[in-house]
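Just so it is clear, the values below take in all heavy atoms, side chains as well, and ignore hydrogens, waters and symmetry mates.
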Amino acid sequence: MNAMSLLPAFHDDETIASFCSRTAALHEFPDARTFASFLGFDFVGLCRGQAADVKKFAKLVGRQTEELQASLTVFDFRWSIAVRGHALSREFVAWNQNRVCPGCVTADEETLPGRAGTRAYSRLLWLPRFVRACAVHGRKLVETSVWNWQMGADFSARLRTGRRSFEELQRASHELAATDHERYLVDRFQGRRPSGHWLDRFL
């Protein structure tokens, strides 16, 4: 199968599930599972980093599998999930990718290219639960909720069909500054040398 010609812009800090979800929305599928099934791969498998599904999706979007590695969440079915190569206990990861910064979502839809409703994307840094605040907007990350729990990590569909209106999400996201610990973790996840002296407090 040839690569698809109509694709949303892909972002370096975006989860692969979000990119798939936005691609499905751009092609006017009702959800990412239906889109994936139609094209011969499993959306849940893609979300879990299963090699066969990642390979099929990569071919569809015209990318090498290696190009998508940094965007994967890879499930170890025993106890952990790897995010950008960092293995985290499953209870510390928003595996269904339901956390958002309303400020980022608003900015995405207002400033990024593409069709309305497919511009906002889910960040990898929203997955670790111990990162509580958006470093860009200085506000608390909040959780969306959906009518159908099987929607999982279908980011665009979550925003369209969430039980909580966008206004409710904005009200729930109060001002919250990132702690030194969170800034340290964000630096690690982004591959930067950690700043500050957070660990020095334990010496």
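- With hydrogens and angles disregarded, no donor-acceptor distance shorter than 3.5 Å links the side chain of Arg183 to the backbone of Ala135.
- For Leu124, the side-chain contact (heavy atoms from CB on, under 4.5 Å) criterion is met by Thr15, Val83, Arg84, Leu127, not counting sequence neighbours.
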*Check the pair Arg90 / Phe75 against side-chain contact (heavy atoms from CB on, under 4.5 Å), numbers first and verdict last.*
CA-CA 9 Å; Arg90 294 181 66 166; Phe75 282 52; 3.9 Å; yes

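- The CG atom of Asp12 sits 7.5 Å away from the OG atom of Ser71 when rounded to the nearest 0.5 Å.
- Note: Thr118 OG1 to Leu7 CG = 11.0 Å, rounded to the nearest 0.5 Å.
- In this structure, OG on Ser21 lies 12.0 Å from CZ on Arg33, to the nearest 0.5 angstrom.
- Listed by chain and number, the residues in a salt bridge (Lys or Arg N to Asp or Glu O under 4.0 Å) with Glu143 are Arg129 (sequence neighbours excluded).
- The minimum heavy-atom distance linking Arg119 with Gly114 is given by the pair NE-O, 2.8 Å.
- Partners of Ser37 under the side chain to side chain donor-acceptor pair (under 3.5 Å) rule, at least two apart in sequence or in another chain, do not exist in this structure.
- In this structure Thr73 satisfies the side chain to side chain donor-acceptor pair (under 3.5 Å) test with no other residue, sequence neighbours excluded.
- A ring-ring contact (aromatic ring centres under 6.0 Å, His included) check over residues 92-114, counting only residues at least two apart or in different chains, returns nothing.
- For Arg123, the side chain to side chain donor-acceptor pair (under 3.5 Å) partners at least two apart in sequence or on another chain are Asp108.
- One distance of note links CD of Gln97 with SG of Cys47; it measures 6.0 Å at 0.5 Å rounding.
- Looking only at atom types and distance, the side chain of Glu182 has a donor-acceptor partner in the side chain of Thr179 under 3.5 Å away.
- Residues Lys140 and Ala172 share a closest heavy-atom pair of CD-O, 4.2 Å.
- Considering all non-hydrogen atoms of both residues, Arg139 and Glu175 come closest at NH1-CG, 3.4 Å.
- Residues satisfying the side-chain contact (heavy atoms from CB on, under 4.5 Å) criterion with Ala82, sequence neighbours excluded, are Val74.
- Phe41 and Leu72 fall within a single hydrophobic cluster, where Ile, Leu, Val, Met, Phe, Trp and Tyr are joined by side-chain heavy atoms under 4.5 Å apart, directly or via other members.
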For residues 23-30, dump all side-chain donor-acceptor pairs below 3.5 Å to protein atoms at least two apart in sequence or in another chain.
from	atom 1	to	atom 2	distance (Å)
Thr23	OG1	Phe19	O	2.7
His27	NE2	Leu6	O	2.8

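- If you chain together hydrophobic residues whose side chains sit under 4.5 Å apart, Leu112 and Leu159 never meet in one group.
- Annotation: ring-ring contact (aromatic ring centres under 6.0 Å, His included) contacts involving residues 100-138, sequence neighbours excluded, comprise His11-Tyr121.
- Of all heavy-atom pairs between Leu141 and Ala133, the closest is CG-C, 4.2 Å.
- Val136 and Val131 are not part of a single hydrophobic cluster, where members link through side-chain heavy atoms under 4.5 Å apart.
- Taking hydrophobic clusters as Ile, Leu, Val, Met, Phe, Trp and Tyr residues chained together by side-chain heavy-atom distances below 4.5 Å, Phe155 shares a cluster with Leu169.
- Defined by atom type and a distance below 3.5 Å, a donor-acceptor pair is missing between the side-chain atoms of Thr144 and Asn98.
- At a threshold of 4.5 Å between side-chain heavy atoms, the hydrophobic network of Ile, Leu, Val, Met, Phe, Trp and Tyr places Leu125 and Val100 in two separate groups.
- One finds the OG atom of Ser18 at 8.5 Å from the CZ atom of Phe10 (value rounded to the nearest 0.5 Å).
- Rounding to the nearest 0.5 angstrom, the gap separating the CG atom in Leu176 from the SG atom in Cys134 is 10.5 Å.
- With hydrogens and angles ignored, the 3.5 Å screen pairs a side-chain donor or acceptor of Glu109 with a backbone N or O of Gly117.
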Would you list the atom pairs, donor with acceptor, under 3.5 Å between side chains in residues 51-58 and any protein atom, with sequence neighbours excluded?
from	atom 1	to	atom 2	distance (Å)
Asp53	OD1	Asp42	N	2.9
Lys56	NZ	Gly40	O	3.2

Would you tabulate the side-chain donor-acceptor contacts of residues 63-70 under 3.5 Å, counting partners in other chains and residues two or more places apart, or write 'none'?
from	atom 1	to	atom 2	distance (Å)
Glu67	OE2	Gln64	N	2.7
Gln69	NE2	Thr65	O	3.4

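- A pairwise comparison of heavy atoms in Pro102 and Gln170 identifies CB-CG, 3.8 Å as the closest pair.
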